[in-house]
Each structure stands twice: as C-alpha cells, then as structure tokens.
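Within every chain, numbering begins at 1; the chains are lettered A, B, ... in the order of the sequence lines, protein sequences first and strands thereafter. Remember, it's a predicted structure, so these values are computed and weren't measured experimentally.
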Number of protein chains: 2
Amino acid sequence: MSIRLGIIGYGNLGKGVEIAVRDNPDLELKAVFTRRDPARVSILTTGVPVVHVDEVEQWKDKLDVVIICGGSATDLPVQTPKYAAMFNVIDSFDTHARIPEHFANVDAAASESGHVAVISCGWDPGMFSLNRVYANAILPDGKDYTFWGKGVSQGHSDAIRRIAGVKNAKQYTIPVPEALEAVRSGANPELTTRQKHTRECFVVLEEGADAARVEQEIKTMPNYFSDYDTTVHFISEEELLTNHSGMAHGGFVIRSGATGVNKEHKHIIEYSLKLDSNPEFTTNVLVACARAAYRMHAEGQKGCKTILDIPPAYLSAQSGEELRAHLL
Amino acid sequence: MSIRLGIIGYGNLGKGVEIAVRDNPDLELKAVFTRRDPARVSILTTGVPVVHVDEVEQWKDKLDVVIICGGSATDLPVQTPKYAAMFNVIDSFDTHARIPEHFANVDAAASESGHVAVISCGWDPGMFSLNRVYANAILPDGKDYTFWGKGVSQGHSDAIRRIAGVKNAKQYTIPVPEALEAVRSGANPELTTRQKHTRECFVVLEEGADAARVEQEIKTMPNYFSDYDTTVHFISEEELLTNHSGMAHGGFVIRSGATGVNKEHKHIIEYSLKLDSNPEFTTNVLVACARAAYRMHAEGQKGCKTILDIPPAYLSAQSGEELRAHLL
C-alpha cells in the first residue's frame with residue numbers, strides 16, 4: 001500500500017512535489033489543494049483532483065501526509081500549525097532566524113493533534129544543516145564554512161527591482177574561488193563577507209532611466225550589496241528572459257578541523273550541491289521527508305521534527321536490510 | 001553527568017578513541033581493556049586504569065558505552081556479540097560483504113541483553129554510507145559513484161609484502177582526476193575499475209631481489225592489481241619510513257541524478273573527505289556514535305543499529321534547541 005500524499009499550494013514548489021512523486025513508487029498523490037478557483041488550476045497528473053483549500057479538512061482520513069508548499073514570509077507561519085492540527089505535514093520554512101519560533105508553534109499544534117510535522121526541509125535549511133551537524137559532531141575542534149551559489153538570490157533580485165528606473169533584474173550570488181581554496185587547504189581563514197561571495201546583477205532599465213545612478217544605488221545598498229564586490233550588467237529584457245530565467249543553484253558546506261594529541265592532523269569535510277533546478281531539488285527532499293513522517297507517525301511519534309531528528313533510513317524507500325546490503 | 005566510556009583494545013583505533021574523548025566534555029574515559037599484560041600497556045590519560053579484558057564483566061554497572069577497537073577480520077565478529085551481551089557497544093566493522101551476517105549476530109545478542117550496539121561506524125562504512133543513502137533518497141533517478149584516496153590501502157600494502165624479495169611496501173589508491181571530472185559534469189559515465197583508480201606502490205627490496213620480477217608480480221596480481229594501472233617505485237627503507245608512514249586518506253561520494261517532467265534538470269551531490277589521519281577521523285565518528293548509543297538506550301531502544309538508524313541530532317553534544325538555533 002502506498003503512502004497517500006496531498007499538496008497544499010500549486011506554485012513552483014507544489015509542481016515540483018507533483019513531479020517528484022513520480023520517481024517514488026511507494027508514494028501516491030491523492031489531491032492538490034489551492035486557494036484559487038480549482039476549475040482554473042490544471043495540474044500535470046491526470047485523475048488527481050484539484051480541491052479548494054477550504055475543503056481540506058474533509059480529507060483528514062484520506063491522506064497520510066500533506067506537503068505545504070507556501071512561502072516562508074507569511075504563508076507557512078500560519079499554514080503549518082493550522083494543518084498540523086489535521087494531518088502529518090511537511091514544510092520548507094527557510095527563514096533561519098525564525099525557526100525556533102516556528103518550531104514552537106508547530107510543535108504545540110502537532111503534539112496536541114498527535115501528528116508529526118517536519119519543518120524546514122530542503123537544502124538550506126535541510127541537507128546543508130545535516131552536514132553542519134554531522135561535521136560538528138565528528139570534528140568538535142574545527143570551523144564551519146557555508147558558501148552559496150552560483151545561483152539566483154530571489155531576495156536580492158527583488159531588492160534591485162524596487163529601485164526607480166529598473167524594469168527587471170536577476171542577481172547571482174557567486175562564491176569567491178580563492179576563499180573556497182583557502183578553506184579547502186585547511187588554513188581556517190577568517191573571511192569577511194566581501195571575501196566569501198561576489199554579486200553579479202543583470203538589470204533591464206526602464207526607458208530613459210539613468211544607468212549610472214541605478215548602478216550606484218545597487219552597489220551602495222546597505223545589507224544587500226554594500227558589503228560585497230558587485231558587478232552590474234545592463235541588458236535587454238529579451239536577453240534576461242533568454243539567458244537568465246533558469247533556477248540553478250548550489251553551494252558548499254565545509255568543516256575544517258583538527259585531531260591528535262597536539263592537534264597535528266587536519267581534516268576537511270566538504271559537501272556540495274550543483275543543482276539545475278533549485279525548486280525541484282528542494283521538493284525531492286520534501287517528498288523523502290514525507291515518507292519519514294509517515295513512518296515516524298506509524299511508530300507513535302508526534303510533534304514537530306526537523307531533518308536532524310529523522311533516522312536517515314526513514315527517508316529511503318529501501319528496507320533496512322537492503323540499505324545494509326547495498327549502500328552501507 | 002558525563003557518559004562513561006570504556007575502550008576494548010589499545011592499538012591505533014583505541015588510542016584514537018582516547019584522544020577523541022578529550023574534545024568531547026560530555027564523555028569520560030573510565031577504563032581501557034587489553035588482552036596484553038595491563039602492567040605493560042601505558043596510555044596517554046593519567047588516572048584511567050588499564051585492565052585485563054578478562055575482567056571487563058566486573059565493569060558492567062560502571063560503563064555506559066564500550067567502544068570495541070578490534071579488527072574486522074577475526075576480532076569483531078567474536079567480540080561485538082560477546083560484549084553486546086554486557087554493554088552498549090560500538091564497533092567499526094568494515095568488511096562490507098559480511099555486514100548483514102555481523103548485524104544479525106550482534107542484533108541477537110543486543111536484543112537479548114537489552115543493549116544498543118552500533119556497528120560499522122567510521123567513514124566507509126559510516127559517513128560515506130550516510131551520504132549514499134541520503135543522496136539515493138533525494139535523487140531516486142540517478143547513479144552513485146564512490147572514489148577512495150588518495151590514501152594508503154592496508155590490504156594492498158600487505159599483498160605486496162607477501163611477494164618473495166619484498167622487505168616492506170606501501171600502496172596508495174588514487175582516484176583518476178578525469179573520471180572524477182566526468183562524474184561531476186553530470187555525464188553519468190560507465191567507468192571500469194581501471195578508469196576509476198590508479199595504484200602507486202613504494203617498495204623496499206630485500207638484498208639481491210630481482211626488481212623486474214617483483215614489479216611484474218605486483219602488476220599482474222589478480223584482484224589486487226591486474227585490473228588497475230599500477231606504478232611501482234623501488235625506494236630505500238629509510239625513504240619509506242620518512243616519506244610514507246603517514247595515515248592520510250579520503251575519498252568522494254557523488255550521486256548524479258535528474259528531475260523534471262522530461263528529466264531535463266541535472267543535479268550533482270558530492271561529499272568528500274580529506275583526512276590527515278584515517279584512524280583518528282574514524283575514532284571521532286566512533287565517539288559520536290557512542291553518545292548516540294547512550295541516548296538511544298536511555299529512551300528504551302535495544303538491538304543492533306547502524307549510523308543509518310541514528311537521528312543525526314543524537315550524535316551531537318548540543319541540544320535540539322541549540323542545533324535548531326545555530327546549525328539548522
């Protein structure tokens with residue numbers, strides 16, 4: 001019998017979950033819930049109903065796990081506790097600073113209802129967090145480094161678009177190769193913000209806008225750009241759409257540590273991702289976490305969890321015997 | 001209160017565990033057990049008794065976890081089930097093909113005695129296994145690659161030493177850079193054994209031995225060398241001791257997969273280790289697993305486990321709150 005899944009929200013993430021389910025024969029998509037008029041939402045999978053989210057409670061006994069595909073800013077803080085009162089749920093809440101607060105709210109709801117809620121699934125938070133935790137547990141005497149990119153930062157692209165005279169923009173975050181090499185060498189460098197990443201901006205101007213002023217406004221923008229070496233390219237809207245509409249991303253988590261009586265032995269643990277599609281990779285993590293949530297609930301667990309609480313084998317479709325025989 | 005540890009066996013691994021404990025304030029080394037005359041074994045830590053292994057049962061109530069530092073060929077298949085009848089135990093059993101059998105034997109003993117036994121801790125099996133399992137769960141449609149090195153293979157060095165006329169030898173396993181790059185490109189190459197690794201041998205000859213014959217015997221040795229491109233260097237014993245007595249090792253676990261409606265998006269997940277001391281890194285993993293075994297036992301679990309069964313947070317000295325606030 002397969003694990004019955006629901007999706008709440010049908011944007012990039014929701015669609016990614018729908019596609020991811022196809023590669024996992026033990027999972028079955030049963031319904032997609034939307035805030036829009038269901039008649040106007042067409043999905044990829046034939047035979048799966050699109051239902052208005054107001055009716056989700058009627059599906060309480062028909063779904064094993066619901067994956068909530070909302071945004072972290074305003075959707076998930078409300079949605080995840082709400083739906084954890086009815087279902088085992090998964091979200092990709094990624095506002096690092098607000099995770100403790102979100103965890104507490106979701107834990108209260110899920111503990112009360114007897115469900116398992118796994119929050120902050122994805123790659124950062126998610127796979128990157130896992131690698132930070134493992135590497136810290138193994139090398140207590142060491143230093144952590146996380147580099148992001150090359151990839152599009154939605155927040156930074158949005159910040160550029162808010163500047164007067166800008167019609168459209170994409171911003172790439174790029175790790176500085178020399179910084180990566182210094183970390184990999186075991187030198188444990190102290191790196192400033194500027195030394196770790198550069199920012200490259202592709203900007204489409206409104207008719208008649210002053211390029212020099214826009215470039216200056218970008219490069220001096222506090223928090224977003226002023227602490228970085230930033231390059232600005234002005235291009236046509238056509239070029240932006242043709243060459244810069246991909247959703248590739250990635251990054252590196254490195255821990256550099258030492259062991260030995262006199263700390264004479266250095267060790268480098270490095271984890272890296274190179275992703276053609278940020279949302280599709282993220283949703284593949286969500287789907288694996290849904291499998292784990294189902295299993296944890298089946299064995300009587302409840303409350304809020306993160307990927308740090310999940311025994312790795314629970315994420316896999318293979319049995320413990322298969323994993324020990326083939327992947328251990 | 002700290003977790004009370006015992007070590008059985010005081011070779012490279014046992015010593016590594018002793019050193020690793022120093023970096024983990026929540027763990028305390030209580031005793032080292034040896035098959036040798038305890039009076040002749042001196043350890044690094046003052047105030048910790050060295051005890052004959054025949055007396056280990058008297059320590060049943062004085063130790064929370066025992067780390068068994070024996071060899072996989074003949075020690076651990078006997079020792080781990082034996083001591084799992086008395087203690088929570090950790091081992092580094094690394095004969096991949098015999099893991100299912102070892103697991104079954106240890107599971108029977110640990111389930112019966114009500115203890116937790118974590119087997120096959122280290123980096124391969126261990127951290128590499130974890131990364132294979134995570135990457136397979138996230139990218140079901142993909143291909144796995146594991147590369148080892150550059151590092152000394154004990155088994156291959158031993159095989160060379162058994163050749164007539166060889167006084168001493170060290171063998172390095174080295175990943176082929178072009179193969180690594182082809183995998184990282186997402187090309188999903190089919191790689192033969194010869195295409196993945198090369199072998200480099202440093203050999204000290206006995207007085208009057210025939211170098212050409214020794215080189216020929218090495219290069220044509222079935223299983224060990226005949227499927228590889230092998231380089232043989234003849235050097236003096238002094239040079240071997242000066243330049244080739246390190247215990248560095250490492251390697252790469254890469255999964256290359258695809259997502260998307262038409263599998264149009266490629267993803268590369270890469271985990272790599274660069275270790276100055278293979279045994280010290282391994283023992284740092286053992287020590288983190290000891291912490292996890294203590295916690296799993298405290299919550300009522302029993303039987304044989306592997307690192308695939310351990311919630312990652314259990315390996316860390318930090319609390320769930322701390323991990324969520326700082327590393328998630």
Structural part of [X] lying under 4.5 Å from a heavy atom of chain A:
| X | value |
| --- | --- |
| B/Phe103 | side chain |
| B/Ser272 | both |
| B/Leu130 | side chain |
| B/Leu273 | both |
| B/Leu44 | side chain |
| B/Met247 | neither |
| B/Asn136 | side chain |

In terms of heavy-atom pairs under 4.5 Å, which option from [options] contacts chain B the most?
| options | value |
| --- | --- |
| A/Glu280, A/Arg132, A/Gln318 | A/Glu280 |
| A/Glu264, A/Met127, A/Arg184, A/Lys266 | A/Lys266 |
| A/Ala258, A/Ala137, A/Ser277 | A/Ser277 |

Let me know if A/Asn24 has heavy atoms under 4.5 Å from chain B in its side chain, its backbone, both or neither.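 Only the side chain of A/Asn24 comes within 4.5 Å of chain B.
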Under 4.5 Å from a heavy atom of chain B, the part of A/Thr259 involved: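 Contact with chain B is through both the backbone and side chain of A/Thr259.
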Taking atom NZ of B/Lys302 as the centre, does the number of heavy atoms from other residues, nucleotides or ligands within less than 6.0 Å exceed 12?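 Counting neighbours around NZ of B/Lys302, 12 or fewer heavy atoms of other residues, nucleotides or ligands fall under 6.0 Å, so no.
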Only heavy atoms, only distances under 4.5 angstrom. Which residues in residues 10-23 of chain A are near chain B?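 Within residues 10-23 of chain A, near chain B: A/Ile19, A/Arg22, A/Asp23.
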Spell out the residues in residues 320-328 of chain A that have some non-hydrogen atom less than 4.5 Å away from a non-hydrogen atom of chain B, in order of number; otherwise answer 'none'.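 Listed by number: A/Leu323, A/Arg324, A/Ala325, A/Leu327, A/Leu328.
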Counting heavy-atom pairs under 4.5 Å with chain A, which one of [options] comes out on top?
| options | result |
| --- | --- |
| B/Thr283, B/Thr306, B/Thr146 | B/Thr306 |
| B/Leu286, B/Ile269, B/Val253 | B/Ile269 |
| B/Gly260, B/Ala317, B/Gly246 | B/Gly260 |
| B/Phe281, B/Tyr134, B/Tyr271 | B/Tyr134 |

Is any side-chain heavy atom of B/Ser316 closer than 4.5 Å to a side-chain heavy atom of A/Leu308?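 B/Ser316 vs A/Leu308: side chains apart.
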Can you name the closest pair of heavy atoms from A/Asp276 and B/His267 and give their distance?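 Residues A/Asp276 and B/His267, closest heavy atoms: N-ND1, 3.6 Å.
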Could you tell me which non-hydrogen atom of B/Pro312 sits nearest to which non-hydrogen atom of A/Ile310, and how far apart they are?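 Closest pair (atom of B/Pro312, atom of A/Ile310, distance): CD-O, 3.2 Å.
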Applying side-chain contact (heavy atoms from CB on, under 4.5 Å), run through A/Leu275 and B/Ile268 and close with a yes or a no. CA-CA 6 Å; A/Leu275 313 175; B/Ile268 306 284; over 6 Å; no
Rounded distance (nearest 0.5 Å) linking atom SG of B/Cys289 with atom CD1 of A/Ile138: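 Result: 8.0 Å between the selected atoms.
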Can a donor-acceptor pair be found, under 3.5 Å and without considering hydrogens, that links the side chain of A/Lys274 to the backbone of B/Glu270?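 Answer holds: no.
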